[in-house]
There are 2 protein chains.
Amino acid sequence: MGIAERKEREKEQRRNDIIDAAEKIFFSKGTENATMDEIALEAELSKGTLYLYFKSKEELLFAVNLRATRILKSLFENAVSPGKKAVENLLEIGRAYVRFSREYHDYFKTLLHFEGNENFLPKEDLHKKICEECVDPMIFLMDTLRTGVKDGSIRTDIPPEILAHCLWSQTTGILKLTKAIDFHTDLKPFSEDDIINAHLEIVYHGILKNN
Amino acid sequence: MGIAERKEREKEQRRNDIIDAAEKIFFSKGTENATMDEIALEAELSKGTLYLYFKSKEELLFAVNLRATRILKSLFENAVSPGKKAVENLLEIGRAYVRFSREYHDYFKTLLHFEGNENFLPKEDLHKKICEECVDPMIFLMDTLRTGVKDGSIRTDIPPEILAHCLWSQTTGILKLTKAIDFHTDLKPFSEDDIINAHLEIVYHGILKNN
DNA sequence: TATATTTGCTGACTATTAGTCATTTTTTAT
DNA sequence: ATAAAAAATGACTAATAGTCAGCAAATATA
C-alpha cells in the first residue's frame, strides 16, 4: 500500500513544517508573545489545523524543545575523544554545553523553559517516550562518568547517576544566570567567561579522584 | 500633620493586604492560574484598586518575591556562626537554602520565577532599588567568602564575587531540579537528599583552599 | 466515469482574563 | 454646609488560546 505510506510521510512533513513555523515565531517574538494565529499564518495553514497536529501551544513548544535536545546530544557526543581520560572529556562536555547556550541561544532558552517545569507532566505513553529522549544528554553524561569511575579519574564515593544530575543542574544554573546577568552589567567587574570558567574549575576539582 | 501620616500608614497597610491576598491565591492556585479577579475578591477590593497599587500581575508577584528574598536573607544570616571557619559557614548557608526551598516552598518557587528572568528589567528607580534588595542573599554569600579568603579556608585564585555567583547559581540549579525530579520517580534509585548532599560535597571540595 | 466515504482543513466563534477609565463614593479642607 | 481632593469601583476593551460545525480534497467503490 504505497498510498498509506505516502500519506504518512506527508503528515510527518506537515508536522515538521508547523514546527518550523512555530520555531520561527517563537524565536523572533519570544515564547510568551508568539501567538497561534501568527504561527498559523507563517505555516500557511489555519489555526484549526495546528490543533490537529498539536494539542496546545505548549506542546508545540515542546516539539521545539525536542529539537534542542537532539542538537545538544550530538554536541555532547562530538565533544568526547576515546583516548582521553573521562574527567577531561567531562570538561569538554561542559564546554560543549556552554557553546550550545551561545550558538543555539534560542534553543537553549526553550530548554530552560522545560527544565524542571513541574507543570509539564508526561501523562500519555507517547509523551513519556518523548520526555525520555529529553534526558538523553544527561544519560550521556552519566555514561561518561561511569567510564571515569573505571579509568580512575573520577571520585567513586558518589554514584555516577547522582554526579550526572549534579553536573547537569549546576551547569544549567550557571548558564541561565550568565545569560541574565548582563542586565546588572554596571555591578559586575567580571565577564560571563570568568563565571563559567570558575564554575568548570570548581566542579573539576569537586569530581576529581582524590589521591 | 497627623492626617497625612495616617494616610501613608493606611496606604502601606492596604498594599500589604493586597500582597497577602495575592500570595494566598498565587500559592493555592499557582502563579499561572491565579487571576486578578480572584485576588481582588480575596482582598475584598475591586480589581481597579489592585491596579492603583500595582502596575501589573507580574509586579504583584514581584512584591511576593521580595518577601521571599527577605526570608531567605534572614535564614542566611542566622545560619552562620562567628567562631566557625568560613567554609563551614558556607556549608551552613547552603543547608539554609535547602531548608528554605522546602519549608518555604511556595516562596522558593516565586524566587525561581524571577531568577534569571530577562523579561523583567528594572527600569524605574524604585524598581531598581527593589531589585537590588533581591541580590542581598548573594551579597551575604560574597561577604562570607571574603571572610574565607582572610581566614585561609577558601581558595584565593577565584575572586569572591565570582565564587558567590557560582555557588548561588549552582545551588539554585540543584534545588530546582530536585523539586522537579519527583515526576521521574520510577527512574531514580536515589533521593533528593542524595543529590543535594553530593552537590554540597562537590562544591565544598571545589572551593576549599588547596594545601 | 460517477458516487460514496473517509480524511484533512477551515475560520468564525467562545471563553477567559489582563488591564483601563469614566463614574461614584469617601474623606478632607474651607 | 459645601467644595475639592483622594480613593475605589466595575463595566468595558483587547487580546488570544482553544473549539467545532461545516466544507473541500483525496480515496475507495461501483
Side-chain angles (χ1 to χ4, degrees), chain A residues 1-26 28-64 113 117 119-120 123-124 127, chain B residues 1-26 28-64 113 117 119-120 123-124 127:
Chain A
M1 279 301 267
I3 288 176
E5 286 162 10
R6 194 206 69 214
K7 279 209 163 191
E8 194 67 30
R9 272 201 313 277
E10 282 176 347
K11 225 171 177 174
E12 193 58 30
Q13 180 63 49
R14 181 129 297 182
R15 217 185 105 92
N16 276 314
D17 291 345
I18 292 171
I19 302 175
D20 285 341
E23 199 176 283
K24 219 166 180 173
I25 303 299
F26 282 145
S28 66
K29 305 240 170 181
T31 308
E32 210 76 2
N33 303 318
T35 71
M36 291 302 267
D37 284 292
E38 276 177 302
I39 293 169
L41 197 73
E42 175 70 34
E44 294 177 314
L45 288 167
S46 76
K47 186 157 65 153
T49 306
L50 262 50
Y51 283 92
L52 292 175
Y53 287 82
F54 297 93
K55 262 206 182 63
S56 64
K57 186 184 173 185
E58 188 74 358
E59 199 166 299
L60 200 35
L61 185 60
F62 187 75
V64 177
H113 177 91
N117 185 347
N119 295 323
F120 197 70
K123 280 174 191 165
E124 303 139 60
H127 239 150
Chain B
M1 281 299 271
I3 287 177
E5 285 162 11
R6 193 206 69 215
K7 277 210 165 190
E8 195 66 29
R9 272 201 313 278
E10 281 176 349
K11 226 172 177 173
E12 193 59 30
Q13 179 62 50
R14 180 132 295 182
R15 217 186 104 93
N16 276 314
D17 290 345
I18 292 172
I19 302 174
D20 285 341
E23 201 177 280
K24 220 166 178 173
I25 303 299
F26 282 143
S28 66
K29 304 241 171 181
T31 308
E32 210 76 2
N33 303 317
T35 72
M36 290 303 267
D37 284 291
E38 277 177 300
I39 294 170
L41 197 73
E42 175 69 35
E44 295 177 312
L45 288 167
S46 75
K47 185 156 69 153
T49 305
L50 261 51
Y51 283 92
L52 292 176
Y53 286 81
F54 297 92
K55 263 207 183 63
S56 65
K57 185 184 171 185
E58 189 74 359
E59 199 166 300
L60 200 36
L61 185 61
F62 187 75
V64 177
H113 176 92
N117 184 347
N119 296 322
F120 196 71
K123 281 175 189 163
E124 303 140 58
H127 239 152

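All of these numbers come straight from a predicted model, not from anything done at the bench. Throughout, protein chains are lettered first and strands after them, A, B, ... in sequence-line order, and every chain is numbered starting at 1.
Here the nucleotide nearest the side chain of S46(A), chosen from dA6(D), dG11(C), dA8(D), is dG11(C).
Atom CD1 of I25(B) is separated from atom CG of L60(B) by 11.0 Å, given to the nearest 0.5 angstrom.
Of the charged side-chain nitrogens involved, none lies within less than 4.0 Å of a carboxylate oxygen, so that R9(A) and E5(A) do not count as a salt-bridged pair.
At a cut-off of 3.5 Å, with distance as the only test, no side-chain donor of H113(A) or E32(A) sits close to an acceptor on the other residue.
In terms of phosphate contacts, R14(B) brings a side-chain nitrogen or oxygen within less than 4.0 Å of OP1 or OP2 of dA8(D). Put simply, Y53(B) has no side-chain N or O that comes within less than 4.0 Å of OP1 or OP2 on dA7(D). Between Y51(A) and the phosphate of dC9(C), there is no side-chain N or O to OP1/OP2 separation shorter than 4.0 Å. For T49(B), a side-chain nitrogen or oxygen approaches OP1 or OP2 of dT9(D) to under 4.0 Å. The phosphate of dA18(C) has OP1 or OP2 within less than 4.0 Å of a side-chain N or O from K57(B).
The residue among E44(A) and S56(B) whose nearest nucleotide of DNA chain C is located toward the 5' end is E44(A).
Tested against E10(A) for a salt bridge (Lys or Arg N to Asp or Glu O under 4.0 Å), the candidates R14(A), K7(A), R6(A) yield a single pass: R6(A).
In this structure, the NZ atom of K47(A) is 14 Å from the P atom of dT10(C), given to the nearest Å.
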